[in-house]
Amino acid sequence: MAKKNEELDEETLAVIQWCIEVEGFLVKGGATQAQAQEFIEEEIEFLTDQFYDRLTPEEAAKIALSDE
């Protein structure tokens, strides 16, 4: 985790915001908020790749939900 005095760069903030949106779509798709958060924590590298591959948060959530 970043220290309180450290500011996150714009790119990191964009990934975080994107993951927050993915979480919302996971919940809409039937996951609990806890399940969605756990998935994001466990699959952050995969999700980051999807972010850079320009998938939408909805597309990423659909992929995640189809794997379950």
Side-chain angles (χ1 to χ4, degrees):
M1 236 337 99
K3 294 179 183 176
K4 284 188 176 183
N5 292 339
E6 292 181 31
E7 287 190 32
L8 300 175
D9 60 66
E10 286 184 32
E11 195 169 337
T12 301
L13 290 172
V15 172
I16 291 169
Q17 181 58 43
W18 186 86
C19 286
I20 290 169
E21 292 177 36
V22 170
E23 179 183 335
F25 284 111
L26 289 171
V27 171
K28 281 184 181 179
T32 66
Q33 187 169 8
Q35 290 170 325
Q37 289 174 354
E38 182 178 349
F39 173 79
I40 290 168
E41 289 172 13
E42 291 177 357
E43 300 294 335
I44 191 63
E45 289 180 21
F46 178 64
L47 290 168
T48 301
D49 289 344
Q50 290 180 322
F51 171 83
Y52 286 111
D53 288 342
R54 299 189 182 270
L55 269 70
T56 67
E58 186 173 14
E59 290 169 330
K62 283 182 182 179
I63 291 168
L65 291 168
S66 69
D67 286 344
E68 296 189 10

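All values below come from the heavy atoms of this structure, side chains included, with hydrogens, waters and symmetry mates left out.
The heavy-atom pair separating Val15 from Tyr52 by the smallest distance is CG2-OH, 4.2 Å. Between Ala36 and Ala31, the shortest heavy-atom distance links the atoms N-CB, 4.4 Å.
Atom CD1 of Ile63 and atom CG of Leu47 lie 9.5 Å apart (nearest 0.5 Å). Considering OG1 of Thr12 and CD of Glu7, their distance stands at 12.0 Å, rounded to 0.5 Å. Considering CD1 of Ile44 and CZ of Phe39, their distance stands at 9.5 Å, rounded to 0.5 Å.
For residues 39-48, there are no side-chain hydrogen bond (donor to acceptor under 3.5 Å, both in side chains) pairs, not counting sequence neighbours.
Under the rule for a side-chain contact (heavy atoms from CB on, under 4.5 Å), the partners of Asp53 that lie at least two apart in sequence or sit in another chain are Leu55.
When side chains are defined from C-beta on, Leu65 does not count as touching Lys62, because their heavy atoms never get closer than 4.5 Å.
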Expected list for residues 21-30: side-chain donor-acceptor pairs under 3.5 angstrom, two or more places apart:
{"from": "Glu23", "atom 1": "OE2", "to": "Gln33", "atom 2": "NE2", "distance (Å)": "3.1"}
{"from": "Glu23", "atom 1": "OE2", "to": "Gln37", "atom 2": "NE2", "distance (Å)": "3.3"}

